[in-house]
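One structure is given here, and the rest of the page talks about it.
Each chain gets a letter, A, B and so on, in the order its sequence line appears, and its residues count up from 1.
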4 protein chains.
Amino acid sequence: MDGTAAAPARTRGRPRSARADTAILAATRALLAERGWADLTIAEVAARAGVAKTTLYRRWPGKADLVVDAMAELFSRLEVADRGSMLHDALAAVGQYVDLLQLPETQAALLALAAEADRDPSLRAKVRSQVIDPQRRLVYEAWERACARGEVEGETDVDLIFDMICGTLVHRILIKGEPVDEAYLTRFVSVLLAGLAQLRMSGGI
Amino acid sequence: MDGTAAAPARTRGRPRSARADTAILAATRALLAERGWADLTIAEVAARAGVAKTTLYRRWPGKADLVVDAMAELFSRLEVADRGSMLHDALAAVGQYVDLLQLPETQAALLALAAEADRDPSLRAKVRSQVIDPQRRLVYEAWERACARGEVEGETDVDLIFDMICGTLVHRILIKGEPVDEAYLTRFVSVLLAGLAQLRMSGGI
Amino acid sequence: MDGTAAAPARTRGRPRSARADTAILAATRALLAERGWADLTIAEVAARAGVAKTTLYRRWPGKADLVVDAMAELFSRLEVADRGSMLHDALAAVGQYVDLLQLPETQAALLALAAEADRDPSLRAKVRSQVIDPQRRLVYEAWERACARGEVEGETDVDLIFDMICGTLVHRILIKGEPVDEAYLTRFVSVLLAGLAQLRMSGGI
Amino acid sequence: MDGTAAAPARTRGRPRSARADTAILAATRALLAERGWADLTIAEVAARAGVAKTTLYRRWPGKADLVVDAMAELFSRLEVADRGSMLHDALAAVGQYVDLLQLPETQAALLALAAEADRDPSLRAKVRSQVIDPQRRLVYEAWERACARGEVEGETDVDLIFDMICGTLVHRILIKGEPVDEAYLTRFVSVLLAGLAQLRMSGGI
DNA sequence: CAGTAATCGAGACGGTACGTCGTGTCTTATA
DNA sequence: TATAAGACACGACGTACCGTCTCGATTACTG
């Protein structure tokens with residue numbers, strides 16, 4: 001725990017430009033929003049970032065890995081403070097998901113990344129750790145708080161709840177391409193909490 | 001006057017080969033399963049189908065449109081007969097979804113199609129009518145039967161239920177790439193029906 | 001010598017349309033003039049002639065053979081009546097060549113046909129009999145008349161003279177793409193006849 | 001300041017491979033000889049040269065431009081030293097033309113290039129400067145020497161003489177596809193010089 | 001005057017080459 | 001050693017023509 005954990009810092013030759021990284025990731029997000037996944041080209045990202053292709057390839061092996069890192073910056077901001085009750089925690093989490101899934105960058109990237117990852121285990125691992133897990137954290141922590149409050153109890157499967165929350169919203173927003181309004185969210189959370197509440201009576205799921 | 005209003009009967013020139021269509025769609029599904037979406041090439045589909053590239057392009061403008069039609073044949077087979085109760089109807093529907101989502105063709109194609117459709121309204125319409133709607137029918141019809149049986153009542157939002165069912169499974173199987181077992185399905189249907197049952201008490205969602 | 005020498009005239013079934021032949025050859029010449037050799041397509045010839053591709057292919061095996069026949073109609077009109085002297089016969093023949101070589105059809109077709117014929121003996125034979133020989137006849141007949149008049153005598157090589165006349169004009173008009181004016185023609189015929197006249201003195205070539 | 005005014009010295013990025021140029025042009029000549037003009041494909045040239053198609057297209061816009069440059073290397077070698085008299089200069093020049101026109105590369109390319117150039121002014125300019133002019137130089141220089149020797153005099157039209165020499169040989173060898181033997185050449189040069197000699201008597205052409 | 005057979009327009013078909021685009025690697029000179 | 005610039009090998013793309021084929025519909029001779 002000395003801080004610079006990895007700290008290889010082999011400082012022979014010219015050091016890598018930190019500005020380049022920032023510019024490349026920003027350009028990637030901008031072009032994802034403008035052009036979508038299929039029409040996003042490495043060459044154009046480099047050009048937009050004011051960087052040579054070489055510089056980009058020295059950092060990321062290809063388009064998918066680049067986009068994972070670009071999107072990771074957005075997903076790492078997900079955070080839900082304690083809202084006092086499971087209901088309000090749920091509403092807050094769902095709200096954050098919706099905001100994120102409605103960004104054009106996300107629309108362009110998330111399903112495409114998942115599709116690419118189907119055949120590529122190393123990519124799948126990156127998507128998992130940088131995109132999926134940050135989302136799961138919200139559900140996990142809210143559930144912990146609900147347990148602590150005594151709102152739920154018993155053996156539970158947080159992953160099922162996570163799939164139900166994110167899956168429903170992904171299906172609605174990304175797969176079907178339809179917007180979500182307040183009414184939809186209210187009903188969704190209502191059915192969801194009703195289901196979870198029932199569990200308490202029947203002794204856990 | 002039975003409904004085949006179109007009556008094309010365009011008898012000018014050599015008619016299109018029905019065998020070609022069949023062979024192309026079969027080759028597409030086979031190669032999707034073998035190679036995945038990204039490594040699926042039009043040229044190889046044509047070669048596998050024993051057909052010239054031109055013949056394929058005369059029917060479909062590109063990879064995505066071809067794959068929609070190829071997958072449509074699988075999704076059109078979705079069907080759930082009356083199982084006697086909402087619980088059994090739900091289990092049957094979920095079972096069909098799971099079987100379909102676990103096919104390698106589906107793993108390769110579904111998310112990729114949804115991703116491509118993001119920027120292409122005409123593709124989105126095709127995906128909607130040939131892939132999404134056939135899935136929705138199962139939920140819709142099961143819900144109608146449940147209403148007829150008196151298991152549920154009141155104004156409802158079938159689309160929300162549909163998003164919850166398919167979204168959850170898509171998230172689990174396709175996005176996270178994890179398998180579903182009996183225990184997962186049991187818990188899932190249990191939470192779901194608990195949520196829906198609660199609605200009856202509270203007078204609809 | 002029964003007249004209809006070949007006379008296969010197997011008259012079973014619908015006879016071929018004579019109008020089609022005419023229309024196809026005319027369309028070929030028109031499109032040669034408009035588009036040149038490389039951009040002349042069989043499909044467009046057929047369309048312009050108001051005829052199906054099948055109809056065209058039933059008569060000619062390919063572009064080159066079609067164009068030979070189309071051009072043959074122009075070259076078959078070459079004719080030089082007796083002008084009374086070798087000088088005037090030569091001027092008349094050269095004038096006819098120049099007129100023909102300056103037609104856009106000829107510019108488009110003649111060199112291309114000769115180039116195609118390089119690898120195709122059967123095409124070469126057709127070009128020879130339908131394009132080259134009709135040109136050669138002018139020189140041959142004029143030379144015969146000159147002999148009869150006593151303007152020349154001795155063993156001669158009409159083919160050399162033919163090469164010199166047509167070759168010079170082809171090089172000027174088709175290969176270099178430069179126009180010929182009166183002055184050029186006068187000097188050309190002057191040098192040519194001077195050379196031939198010299199032969200008489202030296203006893204034939 | 002020796003004349004290399006252009007001084008490109010564009011030292012940005014990886015320089016173009018000189019080996020690629022050489023290999024492409026050599027492959028072009030080889031395949032011209034093997035396959036002829038019509039069956040020469042860019043893809044095969046690239047493959048034979050061990051080069052990607054892109055590399056070829058970066059240098060030449062199409063088949064015709066490539067072939068002009070490939071042939072230019074052959075035509076640039078034309079050279080006739082002073083043979084002491086117009087007769088011997090003429091024989092030497094004609095011999096060089098004949099050797100060049102009888103190469104299979106030339107048979108395949110020259111007429112095809114001239115035909116293509118018919119519709120393409122920029123191609124015509126290239127053919128002119130890289131194929132026609134190098135041939136013309138032989139006639140021009142021989143004529144200059146003949147003037148210096150006093151063998152000819154007066155205003156002359158070198159281009160007419162050039163057309164007569166090259167045109168005759170092109171017509172014989174390329175258009176009619178017939179070989180030239182010693183007898184033909186002797187008669188040809190004899191008639192030609194007789195014609196030119198006559199000019200001296202009559203005071204120029 | 002019905003039968004028969006080759007033609008016709010139309011357009012789908014298998015095939016080949018095209019010229020372009022994107023990828024990820026490389027080779028320069030410069031920093 | 002990293003960088004900008006750009007050439008490079010590779011492979012897929014979607015298009016264009018080719019020459020063949022399969023249709024239904026004509027159009028003449030033939031029996």
Exercise. Can you tell me how far P of dC21(E) sits from CG of Leu56(D), to the nearest Å?
Worked result: 17 Å

Problem set entry | Min side-chain heavy-atom separation Trp37(D)-Leu111(D) under 4.5 Å | no

Exercise. Rounded to the nearest 0.5 Å, what separation is found between the CG atom of Asp39(D) and the CZ atom of Arg119(C)?
Worked result: 8.0 Å

Exercise. Nearest 0.5 Å, what's the CG-CZ distance between Leu31(B) and Arg48(B)?
Worked result: 4.0 Å

Problem set entry | Lys63(A) NZ to dT23(E) P, straight-line distance once rounded to whole Å | 6 Å

For this session: Please report, rounded to the nearest Å, how far the P atom of dG9(E) is from the CZ atom of Arg19(C).
Result: 11 Å

Would you tabulate the nitrogen or oxygen pairs shorter than 3.5 Å linking the protein to nucleotides 10-16 of chain E?
{"from": "dA10(E)", "atom 1": "N6", "to": "Thr54(C)", "atom 2": "OG1", "distance (Å)": "2.9"}
{"from": "dA12(E)", "atom 1": "O4'", "to": "Arg14(B)", "atom 2": "O", "distance (Å)": "3.2"}
{"from": "dC13(E)", "atom 1": "OP1", "to": "Ser17(B)", "atom 2": "N", "distance (Å)": "2.9"}
{"from": "dC13(E)", "atom 1": "OP1", "to": "Arg59(B)", "atom 2": "NH1", "distance (Å)": "3.4"}
{"from": "dC13(E)", "atom 1": "OP1", "to": "Arg59(B)", "atom 2": "NH2", "distance (Å)": "2.8"}
{"from": "dC13(E)", "atom 1": "OP2", "to": "Arg58(B)", "atom 2": "NH1", "distance (Å)": "2.8"}
{"from": "dC13(E)", "atom 1": "OP2", "to": "Arg59(B)", "atom 2": "NH1", "distance (Å)": "2.7"}
{"from": "dG14(E)", "atom 1": "OP2", "to": "Ala52(B)", "atom 2": "N", "distance (Å)": "3.1"}
{"from": "dG14(E)", "atom 1": "OP2", "to": "Thr55(B)", "atom 2": "OG1", "distance (Å)": "2.4"}
{"from": "dG15(E)", "atom 1": "O6", "to": "Thr54(B)", "atom 2": "OG1", "distance (Å)": "2.9"}

For this session: Run the salt-bridge test on Lys63(D) and Glu116(D) with the 4.0 Å N-O cut-off and return the result as yes or no.
Result: no

Problem set entry | Check: Leu32(C) and Val67(C) side chains under 4.5 Å, non-hydrogen atoms | yes

Exercise. Is any side-chain heavy atom of Thr41(D) less than 4.5 Å from a side-chain heavy atom of Val45(D)?
Worked result: no

For this session: Starting at atom CG of Leu40(C), determine the distance to atom P of dG19(F), rounded to an integer number of angstrom.
Result: 12 Å

For this session: Figure out the CG/C1' separation between Asp65(B) and dG14(F), and round it to whole Å.
Result: 14 Å

Exercise. How long is the line joining OH of Tyr57(D) and P of dC8(F), in whole Å?
Worked result: 16 Å

Exercise. Whole Å only: how far is the CG atom of Leu66(A) from the C1' atom of dG22(E)?
Worked result: 15 Å

Seminar exercise, completed: To the nearest angstrom, the CD-C1' distance between Glu44(A) and dC21(E) comes to 13 Å

